[in-house]
Amino acid sequence: MGKYEAEFSNLVRAFRKRHMGKGPSQIKTTFCKNWAICEMEGNLSPVEKFIAGANEGKQMLRAARTEMVKDLYQKHRPVEMEELVGANFVDLYVDINIEKDAGMSIFIFDENLEDKLREK
């Protein structure tokens, strides 16, 4: 990972820790066109892992870790991320595999990050 990818990963971890109490243990960020794609491992807290032991718990956690995370970014604009990449945050797509404790977030910005950050 380059400098910008590593810094973006750190900002994602800090944002989630600040708003959810825990950030992923590992994040790998890749910039592709106007997307920042974050592959994440170690998302779940010990309590969430316990809850995931039941089927209803898995469904509840998946909903919380997808829809609620998207809502968080709409309510709390990721200003630090926008400043880092020099573009405006537009949208977020999120998915998580509860069994593997692995997730992916795709942050969409209003400019081509791949070209913009390669020039710096």
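- Arg65 contributes a side-chain N or O that, together with a main-chain N or O of Asn43, makes up a donor-acceptor pair within less than 3.5 Å.
- Shown here for Asp110 and Val90, the closest heavy-atom pair between the two residues is N-CG2, 3.6 Å.
- No chain of hydrophobic side-chain contacts below 4.5 Å, direct or via other Ile, Leu, Val, Met, Phe, Trp or Tyr residues, connects Trp35 to Leu11.
- Side chains of Asp95 and Thr66 form a contact here, defined as non-hydrogen atoms less than 4.5 Å apart.
- Between the side chain of Lys116 and the main chain of Gly86, a donor-acceptor pair closer than 3.5 Å is present.
- Residues forming a side chain to side chain contact (heavy atoms under 4.5 Å, CB included) with Leu72 (at least two apart in sequence, or on another chain): Phe15, His19, Met20, His76.
- In this view, Lys100 and Asn97, Ala102 satisfy the side chain to side chain contact (heavy atoms under 4.5 Å, CB included) rule, not counting sequence neighbours.
- One N or O on the side chain of Asp101 and one on the backbone of Leu44 form a donor-acceptor pair closer than 3.5 Å.
- Taken to the nearest 0.5 Å, the NZ atom of Lys28 stands 10.0 Å off from the OG atom of Ser9.
- Separation of atoms CZ (Phe8) and CD1 (Ile37) is listed at 10.5 Å; rounding is to 0.5 Å.
- A distance of 7.0 Å separates CD1 of Ile51 from OG of Ser45, quoted to the nearest 0.5 Å.
- Put simply, Val79 and Phe89 are part of two different groups of oily side chains (I, L, V, M, F, W, Y) that touch within less than 4.5 Å, one to the next.
- Asn55 places a side-chain heavy atom less than 4.5 Å from the side chain of Lys58.
- Interatomic distance, Cys38 SG to Arg16 CZ, rounded to the nearest 0.5 Å: 7.5 Å.
- A distance-only check finds a donor-acceptor pair linking the side chain of Lys22 to the backbone of Gly42 [under 3.5 Å].
- Between the side chain of Thr29 and the main chain of Ala6, no donor-acceptor pair closer than 3.5 Å is present.
- Hydrophobic cluster membership is shared by Tyr4 and Met81, with clusters built from Ile, Leu, Val, Met, Phe, Trp and Tyr side chains linked at under 4.5 angstrom.
- Put simply, Leu92 and Phe31 are part of the same group of oily side chains (I, L, V, M, F, W, Y) that touch within less than 4.5 Å, one to the next.
- In the hydrophobic cluster analysis, where Ile, Leu, Val, Met, Phe, Trp and Tyr join through side-chain heavy atoms closer than 4.5 angstrom, Ile27 is grouped apart from Ile98.
- A distance of 12.0 Å separates CE in Met40 from CD in Gln26, rounded to the nearest 0.5 Å.
- For Tyr93, the side chain to side chain contact (heavy atoms under 4.5 Å, CB included) partners two or more places apart in sequence, or in a different chain, are Asp91, Ile106, Ile108.
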Determine, stepwise, if the pair Ile96 / Arg62 fulfils side chain to side chain contact (heavy atoms under 4.5 Å, CB included). CA-CA 7 Å; Ile96 189 168; Arg62 186 164 188 284; 4.2 Å; yes
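- At a threshold of 4.5 Å between non-hydrogen side-chain atoms, the residues Phe109 and Lys33 do not count as touching.
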